[in-house]
J.: 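Sharing a structure, written as structure tokens. Questions coming.
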Amino acid sequence: MTANPEVLYEDILPGGSHWSFVANQNVQLQLVDMAGGGNVAMLAYNPANPLERLNLPDSLKCQHTFRLTQGHCLYSDMGRIFCSIVADDVGWHDASCGTCNAGIVRSKWGSRTYQDARNDYFRNGRDSFLVELGKYGLGKRDFAANVNWFSRVNVGGDGGMHYVVNHTSAGQSVTLRFEMPTLVVLHTCPHPLNPASEYPRRPIVYRLSVGEPAAEDDACKLSREENARGFMNNYLYSLGK
């Protein structure tokens with residue numbers, strides 16, 4: 001990871017919002033939880049071939065983990081690495097619970113429409129993803145399991161999943177380095193297991209910079225033998241372009 005790379009673009013993604021962009025190789029994305037208790041759901045696709053997409057089951061399985069944190073990588077379903085987690089002061093991000101939909105939001109927090117509240121209406125994660133995917137000719141058939149940055153879910157002895165309230169504090173961040181061109185789709189709608197009594201709107205700062213490629217001694221590359229193979233798959237893919 002490049003030490004303190006120059007920030008080339010910075011903005012705030014309000015709570016209950018969505019955004020997407022294409023990150024080139026070596027672009028770094030830093031996400032900062034401004035107020036604490038935030039959630040950023042993310043999907044990833046190969047912009048040159050959107051049939052290649054984020055595969056969280058493989059990402060967890062090949063790195064022998066249930067959570068995501070620094071040193072881990074996010075894999076595509078072609079065995080390539082979309083991005084590496086190069087910095088993280090949170091220590092645990094959810095990769096198992098998916099996203100909220102209109103029914104979940106309505107049952108937890110009621111209905112607040114655009115006609116009633118304009119941009120402060122209650123968005124849900126599924127529809128937010130669909131709005132962004134539609135900009136690239138993608139839709140329902142292109143859904144995959146998503147990451148929930150800044151959220152933690154524990155599994156109890158009974159096998160039930162339990163959302164950890166106030167898992168993050170204001171100012172905590174996670175930084176991703178993209179290892180290949182990646183279509184990134186984000187939303188800041190509530191985690192599906194969030195038990196808040198009111199619709200939670202937690203703003204997120206995002207910062208874009210450009211770092212150096214992963215070195216031979218890169219911590220993400222060396223954290224698992226599988227990751228070294230994933231980086232080699234990226235190398236072979238780039239040779240064919």
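Numbers here simply count residues along the sequence, with the first being 1. The figures here come from the full heavy-atom set of this structure, side chains too, leaving out hydrogens, waters and symmetry mates.
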J.: Just by modelled atom types, is the G36 backbone N or O under 3.5 Å from a matching donor or acceptor in the R202 side chain?
T.: yes
J.: Report the distance from atom CZ of R152 to atom CG of N148, rounding to the nearest 0.5 Å.
T.: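 Reported value, rounded in 0.5 Å steps: 14.5 Å.
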J.: Where do S197 and W109 come nearest, in terms of heavy atoms and distance?
T.: O-CD1, 3.7 Å
J.: Below 30° counts as parallel, above 60° as perpendicular, anything between as tilted: where do the rings of Y163 and H191 land?
T.: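 Tilted: the ring planes of Y163 and H191 meet at 30° to 60°.
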J.: If hydrophobic clusters are built from ILVMFWY residues whose side chains come within less than 4.5 Å, do L133 and L54 share one?
T.: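 Each belongs to a different hydrophobic cluster.
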J.: Can you tell me how far the CG atom of L183 sits from the CZ atom of F21, to the nearest 0.5 Å?
T.: 9.0 Å
J.: Can you tell if the side chain of R201 reaches within under 4.5 Å of the side chain of D120, non-hydrogen atoms only?
T.: yes
J.: Any link between L176 and V90 through a network of hydrophobic side chains (Ile, Leu, Val, Met, Phe, Trp, Tyr) touching at under 4.5 Å?
T.: yes
J.: Measure the shortest side-chain to side-chain distance between W149 and I204 over non-hydrogen atoms and say whether it is less than 4.5 angstrom.
T.: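 With C-beta onward as the side chain, the pair stays apart.
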J.: Does D116 CG have over 12 foreign heavy atoms under 6.0 Å away?
T.: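 Correct, the count exceeds 12.
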J.: Can you list every pair that meets salt bridge (Lys or Arg N to Asp or Glu O under 4.0 Å) and has a residue in residues 122-147, with sequence neighbours left out?
T.: R53-D142, E132-K135
J.: Count the heavy atoms of every other residue, nucleotide or ligand shown that sit under 6.0 Å from CZ of F66, and state whether that count exceeds 12.
T.: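 Counting other residues, nucleotides and ligands, CZ of F66 exceeds 12 neighbours.
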J.: Given side chains that start at C-beta, do those of M78 and N233 come closer than 4.5 Å, heavy atoms only?
T.: no
J.: Report yes if the side chains of L74 and L68 come closer than 4.5 Å at any heavy-atom pair, otherwise no.
T.: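 Counting from C-beta outward, L74 and L68 do come under 4.5 Å.
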J.: To the nearest 0.5 Å, tell me how far F129 CZ sits from L186 CG.
T.: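 Rounded to the nearest 0.5 Å, the CZ-CG separation comes out at 7.5 Å.
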J.: I'd like to check the side chain to side chain donor-acceptor pair (under 3.5 Å) partners of T168; sequence neighbours left out, ordered by chain and number.
T.: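 Partners of T168 under the side chain to side chain donor-acceptor pair (under 3.5 Å) test: D33.
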J.: Between F82 and R80, is there a cation-pi geometry (under 6.0 Å to ring centre, at most 45° from the normal)?
T.: no
J.: With side chains defined as the heavy atoms from C-beta onward, is the minimum distance between C83 and M42 less than 4.5 Å?
T.: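 Touching, per the 4.5 Å side-chain cut-off.
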J.: Which atom names give the shortest non-hydrogen contact between F231 and A214, and what distance separates them?
T.: CE2-CB, 3.8 Å
J.: For E52 and S76, which I'm curious about, is there any donor-acceptor pair between the side chains at under 3.5 Å?
T.: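 The answer is yes; a qualifying pair exists.
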J.: Return yes if some donor-acceptor pair links the side-chain N/O of N227 with the main-chain N/O of L222 below 3.5 Å, else return no.
T.: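 No: the side chain of N227 does not pair with the backbone of L222.
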J.: Report yes if the distance between the aromatic ring centroids of F150 and H167 is under 6.0 Å, otherwise no.
T.: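 Between F150 and H167, the centre distance exceeds or equals 6.0 Å.
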J.: Mind listing the closest non-hydrogen atom pair of R177 and E212 along with its distance?
T.: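 Heavy-atom minimum between the residues: CD-O, 3.8 Å.
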J.: Before you tell me yes or no, could you show the steps for W19 and S128 under side chain to side chain contact (heavy atoms under 4.5 Å, CB included), namely the whole-Å CA-CA distance, both residues' side-chain angles and the distance that decides it to 0.1 Å?
T.: CA-CA 9 Å; W19 187 55; S128 294; over 6 Å; no
J.: Looking only at the side chains, is there a donor atom on one of Y237 and N46 sitting less than 3.5 Å from an acceptor on the other?
T.: yes
J.: With a 4.5 Å cut-off on side-chain heavy-atom distances among I, L, V, M, F, W and Y, is there a chain of contacts connecting L56 to Y75?
T.: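 In one cluster with L56: Y75, no.
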J.: Compute whether any side-chain donor of one residue and acceptor of the other, for D88 and H93, lie under 3.5 angstrom apart.
T.: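 Yes - a donor-acceptor pair under 3.5 Å links their side chains.
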J.: Without swapping roles, check the side chain of Q63 against the backbone of C73 for a donor-acceptor pair under 3.5 Å.
T.: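 Yes: the side chain of Q63 pairs with the backbone of C73.
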J.: Hey, is the main chain of G71 close enough, under 3.5 Å, to the side chain of S223 for a donor-acceptor pair?
T.: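 Such a contact is found between S223 side chain and G71 backbone.
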J.: Of all the heavy-atom pairs spanning A144 and Y45, show the shortest one and how long it is.
T.: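 For A144 versus Y45, the nearest heavy atoms are N-OH, 4.4 Å.
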J.: Considering all heavy atoms of both residues, which atom of P5 and which atom of Q28 are nearest to each other, and what is their separation?
T.: CG-OE1, 3.5 Å
J.: In terms of hydrophobic clusters joined by side-chain contacts under 4.5 Å, are V32 and I12 together?
T.: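 In one cluster with V32: I12, yes.
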J.: Are any non-hydrogen side-chain atoms of V7 and L208 less than 4.5 angstrom apart?
T.: no
J.: Please lay out, stage by stage, how S84 and E179 fare under the test side chain to side chain donor-acceptor pair (under 3.5 Å).
T.: CA-CA 7 Å; S84 304; E179 311 298 351; 2.7 Å; yes
J.: How about CE on M161, more than 12 heavy atoms from neighbouring residues, nucleotides or ligands closer than 6.0 Å, or not?
T.: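 Yes, because the 6.0 Å sphere around CE of M161 holds more than 12 heavy atoms from other groups.
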J.: Honestly curious: do Y9 and F178 fall in one hydrophobic cluster under the side-chain, below-4.5 Å linking rule?
T.: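 Cluster IDs for Y9 and F178 match.
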J.: Under the criterion side chain to side chain contact (heavy atoms under 4.5 Å, CB included), I'd like the reasoning laid out for C100 against N124: C-alpha separation, chi angles, the key distance, then a yes or no.
T.: CA-CA 6 Å; C100 62; N124 69 81; 4.2 Å; yes
J.: Identify the heavy atoms of S173 and Q30 that sit nearest to each other, and give their distance.
T.: OG-NE2, 3.5 Å
J.: Please evaluate residues N39 and N194 with respect to the criterion side chain to side chain contact (heavy atoms under 4.5 Å, CB included), reporting the C-alpha separation (whole Å), side-chain torsions for both, the decisive distance (0.1 Å), and the verdict.
T.: CA-CA 10 Å; N39 181 71; N194 192 324; over 6 Å; no
J.: Just verifying a value: how many Å separate Q70 CD and C220 SG, rounded to the nearest 0.5 Å?
T.: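 Separation between the atoms: 7.0 Å.
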J.: Evaluate the side-chain proximity of C189 to T99: yes if any heavy-atom separation is below 4.5 Å, no if none is.
T.: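 When only atoms from C-beta onward are counted, C189 and T99 do not touch, as no gap falls below 4.5 Å.
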J.: Any non-hydrogen side-chain atom of L31 less than 4.5 Å from a side-chain atom of V205?
T.: no
J.: Tell me whether T188 contacts the main-chain N or O of S17 through its side chain, where contact means a donor paired with an acceptor under 3.5 Å.
T.: yes
J.: Judged by atom type as modelled, is there a donor-acceptor pair below 3.5 Å linking the side chain of N234 to the main-chain atoms of I81?
T.: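 Yes, N234 side chain to I81 backbone: donor-acceptor pair under 3.5 Å.
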